[in-house]
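Everything on this sheet refers to the single structure shown next.
Every value quoted in this text rests on a predicted model; they were computed, and no experiment measured them. In the text below, chain A, chain B and the rest are named by the order of the sequence lines, each starting its count at 1.
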Amino acid sequence: METENDLPKAYDASLYEDAISRRWEESGFYNPDNLPGERTEPYSILMPPPNVTGVLHLGHALENALMDTMARYQRMRGKRVLLVPGTDHAAIATQAKVEKRLQAEGMINPRKELGREKLVEKIRAFADESQATILGQVRKMGTSCDWSRLAYTFDAARNIAVNELFFRMHRDGLIYRGYRVVNWSVKGQSTCSDDEIQHMERPSKLYTFKYSKDFPITIATTRPETKLGDTAVAVHPSDTRYTQYIGKTFTADVGAVEPLKIKIIADEGVDPSFGTGALGVTPAHSPIDFAMYEKQKAKGDPIEIIPVIDADGKMTAETGAYAGLTVEVAREKFVGWLKEHDLLEKEEDIVQNVGTSERYGDVIESLPMTQWWLDMNKTIPSRGKSLRDLMREAVTTGLAGDETKKVTITPNRFTKLYLDRVENLRDWCLSRQLWWGHRIPVWYRDEEMCVSAMAPSGDGWEQDPDTLDTWFSSGSWPFSTLGWPRTKVIFVRHGEAMSNAKGFNDGIIGNGENVLTERGEGQVKERAKALKDSGAVAIIASPITRAKQTATMMGEALQIPVTFDDRLREIGFGSYDGKDPVAFDKARGFFDGWKKQPFADAESYPSVHERSHHALKEILATYAGKTVVVVTHGDTLAVMREFGVAGDKSYGYPEPAGAVEISFSADGKQTDDLAVFHPTSWMQMGYEILYLWLMRMILMSAYTLDDVPFKDAYIHGMVRNKEGQKFSKSMGNGLDPLDVVKQYGCDALRISLLLGITPGNDSRYSEEKIESGRNFVNKLWNIGRYVLTTTQKPRAVHDPQRPTDFPFQYGTLHQPPIISTKADAWIIGRLALTHETVTKHLEQYNFSAAGEALREFTWNDFADWYLEISKVQRTGDAEAQAGTDFLLRWVLGVLLRLWHPFMPFVTEVLWKELTEKDDADNLLLVTAWPELQAHLKDSADILQPYQDLVTAIRALRAEHHLQPKQVLEVFVDHVDDQMKKEIAWMQRLTNTTITLGAPEKADGLARAVVGETTLYMDTAAGVDVAAECARLTKEAENLERYLVTVDAKLANEEFASKAPPAVLEKEKGKRAAAAGELAKIQEQLKLLQ
RNA sequence: GGGCGGCUGGCGCAGUUGGUUAGCGCGUCACAUUGACAUUGUGAAGGUCAGAGGUUCGAUUCCUCUGCCGCCCACCA
């Protein structure tokens, strides 16, 4: 261990960070279940799971800094803080990336060449590696997350949640399968959602043409080749040019297999002033046109739909001569044909916005396909509202008008953006033809379809080959990570049987001899009555007669289905079957003994354990989110109760028909996280995923749990480079945060990312910033080093107001500090004020403002002033020195705690040195946030006049180019007892000897006016009177100018009558001060001239 | 086409109910530095808060318009 004297001059983060990290992790305090002290209020943050597509960049570093700063702050405030770490499988992004890699390695079509299984294996390998890297990075950054709750959007527990959610939404009619126009990436061979499309401007041509010579209407298009699939022309209903044609059908032969039958339809959406005012309708290849197609169908005046482009981006067979051509070639050919037949009227160059696939980069085609959709408008049964309604309510009135179920977005302007988007959402296409992702939980067999959270039993079922949009799983993150769906299992022991009454062992299935006694039947009836309102949906039972009987009776009473599972049967008694259970128990021993020792004559513990747990696992998956009853036997029940149960693992039979109730999370653990930590307290994310993620989390939590996923959402901007460009690997300017950490330390990185940011706005990262961050960390280090190496431990303090053995406890600094001098009171005042400011800003997520206030105090007040003043105070008597030492340590103690959320490492190192305690409970990590008495901050300004004088003397010295080493004589014409007390440190800080009182002879002295005080400085060499006058004149002019404006203001009657009195008083006060100072300066000028 | 954000000393940015002689960091200049810290100290210079109107006793702050810069959204085919 370091001793105080060993602290190196410069803080080298790399020497400490790993060890500190280890201490934190080993303390167990990252897990809210282990936090010390009484903590009742939960505080939860979910980490937005980084994509496992690569490594973390500075944006992630910012997120980690934000989350961890908040988590540490709240932990210090005594809350039960949970920060859940995790990663995202990022379906399309990851698959696209791996495919690209494989292609770079020479594979032409990875899907074809490898097949589903092998490609998924490749992707998994890549994802696993990437995940390991990412989690390592998060660890390195000191993020205080609970690793025991680590989650992945593509693990088994999340799969159960996703399936269950899909099942429920389908059951509620929100998820439907429909043939509609989708966004199709030919390159990715998959659909994508509206959000995964990137619009790009691109030069294009607008063609104006007619389908045939005798066709009455001219139309325009940028996609001539799709016109082969036109089935209508839409015009505005009140467009008199065309009203005569509405309803008529024309035939035009444009070279497709069938001549086009074009119906003229009316649609309000057509802009009569654009182009020819008529729109060629291609239902198969345009979402708008498809909407018209549906409208017409609904009206009972249907138009046809003819797909002319296939999934490979080639023309379909319907296009005859064009079949098999790519769209580009077909376009040229068709335009050529138009020209040839003199149908092309115009060809103009325009700039067009085309949609491209975010991940595969190709132009998105609109194609009609059968896909799975989530309906935004359908009323949810029993809610009377649509998903869109829920999303709207969540940020406005709160769900169903409940203010406690409301998400507050910081900064507020994003709320409006969110709402605009909510109103314009279309149904969400959920299915993807990708392989990396959660399979759609739907199975098909012949004509049957089964939507279920679990594979249906029976042969011949084929699961839908498609996968779910990646945001379906990340949208459920706020509750899937906290144990949803929670499954309640009510374990019930069978009623009293003959064997119990008569005393023999029975482990034989179908032993008709051993039935329930009359008493046993009564017990079962009682139990069934008790479970009437339990909400149980099914009973799964052991098939042994007494359990079978019990389950059947209960099933009838509760009106729920009963199934039997062989694996829930009683332990096989072997040679003890039919014999005395007492002898058996004696031979086998108690539960713990049975667990450890093999038992030859009957079934072993591992065997019972294996089969029963296997059964339970299946039950939990099948009935995820529901309540079920499991009817079984004593030993089996005892073994199963062990399932995920912490603590109580004792062997014990319930009474006959006795029940035990246990809740399980989706991954089979007993947990109450969902109840405790959802809704989560705070969520931070970049604005680029506002629509993608925030909306979907709100949608899903509102739907699933009738609550918001989080109370506060904080939107941050992007971290850009010095030039304001995005960091990106493709541009070669990506930056690994770990490299930065290695060079500058984690604390430096954190504060350089956090300071200078404003919510929702982009920030810039630069070498200069991180250096300045590093410099500050070093400054704090040296402040700590100075205090620790110079001052004496506070044991020596004697305070007459307190017992002589007044305990100095750094961890609970609730006692007021001991204040002896004006400077003491001042620094405490400043500290108290800073503490208040920092706390306020952190509560409002103003990380930058909080950090800057702290930085200001640390550097400008504590280091530059108080530390220097303390050096003088310490030269006094022993008591003065002890008092000052106490205060230095006291302030340092508070300061370290205030800084800890921002700079966890360096503060933790110094805290250990300060407190000289190494035990886990003393970690700054779990130390209480300071609380300072409000009145302390009243003295925050009391040193100002003296500081002003010191600054003026220093300025005067600099002005006259006087060496700092040279001791000067200074006269201050202001005399009072107060100043006498402060003179010592003022002299030291200016390297002068200060005489209170005006000099006898002022000639040849430099002079300055500070407020109403004039100070004279003996420069030894005399002064340049002209220069002196010039300087004072300039200052006088400044004041005069100010007085003119203030006087004008004060003379304004309207100002005097309308301005608030406080403002008026303040102005008057300032005017008086300025006038006083001016008078002093003028006096000096007169003397000089 | 709609919307949002930005425009504050050389650079990067604060400025939250309209009232400070407009602040901070970096940089610049001058001086200093074997004494906690050269990853430092002291001092200084530097801005008509993009422009024009308006509301108001008072506008960097609120409103309108204009100009740049950036971003998001969008079914002008």
Please determine, for the side chain of [X], which listed nucleotide ([options]) has the closest atom?
{"X": "Ile783(A)", "options": "rA14(B), rU56(B), rA36(B)", "answer": "rA36(B)"}
{"X": "Tyr786(A)", "options": "rG19(B), rC57(B), rA36(B)", "answer": "rA36(B)"}
{"X": "Asn775(A)", "options": "rU39(B), rC37(B), rG15(B)", "answer": "rU39(B)"}
{"X": "Thr222(A)", "options": "rA30(B), rA77(B), rC57(B)", "answer": "rA77(B)"}
{"X": "Pro964(A)", "options": "rU39(B), rG15(B), rC31(B)", "answer": "rC31(B)"}
{"X": "Leu206(A)", "options": "rA32(B), rA77(B), rG41(B)", "answer": "rA77(B)"}

Considering every strand and a 4.0 Å limit on heavy-atom distances, what is the contact class for [X]: base, sugar-phosphate, or nothing?
{"X": "Lys965(A)", "value": "sugar-phosphate"}
{"X": "Arg957(A)", "value": "nothing"}
{"X": "Leu867(A)", "value": "base"}
{"X": "Ala863(A)", "value": "base"}
{"X": "Glu1053(A)", "value": "nothing"}
{"X": "Lys840(A)", "value": "nothing"}
{"X": "Phe414(A)", "value": "nothing"}
{"X": "His841(A)", "value": "base"}
{"X": "Gly275(A)", "value": "nothing"}
{"X": "Thr951(A)", "value": "sugar-phosphate"}
{"X": "Asn1052(A)", "value": "sugar-phosphate"}
{"X": "Ala10(A)", "value": "base"}

Checklist entry - Between Thr858(A), Leu888(A), Leu896(A), Val891(A), which is the residue that forms a side-chain contact (heavy atoms from CB on, under 4.5 Å) with Ile783(A)? => result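 Per the side-chain contact (heavy atoms from CB on, under 4.5 Å) rule, the option paired with Ile783(A) is Thr858(A), out of Thr858(A), Leu888(A), Leu896(A), Val891(A).
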Can a salt bridge be assigned to the pair [X] and [Y] using a cut-off of 4.0 Å between side-chain N and carboxylate O?
{"X": "Lys227(A)", "Y": "Asp230(A)", "value": "yes"}
{"X": "Asp194(A)", "Y": "Arg421(A)", "value": "no"}
{"X": "Glu768(A)", "Y": "Lys722(A)", "value": "yes"}
{"X": "Glu771(A)", "Y": "Lys769(A)", "value": "no"}
{"X": "Glu1053(A)", "Y": "Lys1058(A)", "value": "no"}

Can you tell me, in whole Å, how much space there is between the [atom1] of [N] and that of [M]?
{"N": "rA50(B)", "M": "rC13(B)", "atom1": "P", "answer": "15 Å"}
{"N": "rU21(B)", "M": "rU17(B)", "atom1": "C1'", "answer": "24 Å"}
{"N": "rC24(B)", "M": "rA32(B)", "atom1": "C1'", "answer": "25 Å"}
{"N": "rU20(B)", "M": "rU61(B)", "atom1": "P", "answer": "13 Å"}
{"N": "rG12(B)", "M": "rG6(B)", "atom1": "P", "answer": "16 Å"}
{"N": "rG15(B)", "M": "rG47(B)", "atom1": "C1'", "answer": "14 Å"}
{"N": "rA45(B)", "M": "rC37(B)", "atom1": "P", "answer": "30 Å"}
{"N": "rU55(B)", "M": "rG18(B)", "atom1": "C1'", "answer": "11 Å"}

Checklist entry - Nucleotide by nucleotide, 5' to 3', does protein get under 4.0 Å of the base (B), only the sugar-phosphate (S), or neither (-) in nucleotides 20-26 of chain B, counting heavy atoms? => result SB---SS
Next on the checklist: When you compare the side chains of Thr222(A) and Gln352(A), does any donor N or O come within less than 3.5 Å of an acceptor on the partner?
Outcome noted: yes
Checklist entry - Under the side-chain contact (heavy atoms from CB on, under 4.5 Å) criterion, do Lys1049(A) and Arg1071(A) qualify, and how do the steps go? => result CA-CA 11 Å; Lys1049(A) 205 189 234 181; Arg1071(A) 195 219 170 269; over 6 Å; no
Which protein N or O atoms sit under 3.5 Å from an N or O of nucleotides 5-8 of chain B?
none

According to a strict under-4.0 Å criterion, is [X] in side-chain N/O contact with OP1 or OP2 of [N]?
{"X": "Lys871(A)", "N": "rA36(B)", "value": "yes"}
{"X": "Gln963(A)", "N": "rA32(B)", "value": "yes"}
{"X": "Arg954(A)", "N": "rG43(B)", "value": "yes"}

Checklist entry - Nearest nucleotide by nearest heavy atom, which residue falls closer to the 5' end of RNA chain B, Glu771(A) or Val270(A)? => result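 Result: Glu771(A).
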Checklist entry - Mapping Asn782(A) and Asn846(A) to their closest nucleotides on RNA chain B, which lands nearer the 5' end? => result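 Upstream on the strand: Asn846(A).
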Next on the checklist: Suppose we call a contact any N or O donor and acceptor under 3.5 Å apart; does that hold for the side chain of Lys779(A) and the base of rC37(B)?
Outcome noted: yes
Next on the checklist: Would the base of rA36(B) count as contacting Glu868(A) through its side chain, where contact means a donor and an acceptor less than 3.5 Å apart?
Outcome noted: yes
Next on the checklist: Asn1038(A) and side chain to side chain donor-acceptor pair (under 3.5 Å): which single residue from Glu1040(A), Arg1041(A), Glu1035(A) fits?
Outcome noted: Arg1041(A)
Next on the checklist: Once rounded to the nearest 0.5 Å, what's the spacing between atom OG1 of Thr884(A) and atom CD1 of Ile827(A)?
Outcome noted: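 Reported value, rounded in 0.5 Å steps: 12.5 Å.
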Checklist entry - Does NZ or CZ of Lys871(A) fall inside the cone over Tyr786(A)'s six-membered ring, less than 6.0 Å from its centre and within 45° of the axis? => result yes
Checklist entry - Where do Trp184(A) and Ile364(A) land on the side-chain contact (heavy atoms from CB on, under 4.5 Å) test, with the steps shown first? => result CA-CA 5 Å; Trp184(A) 182 261; Ile364(A) 291 294; 5.7 Å; no
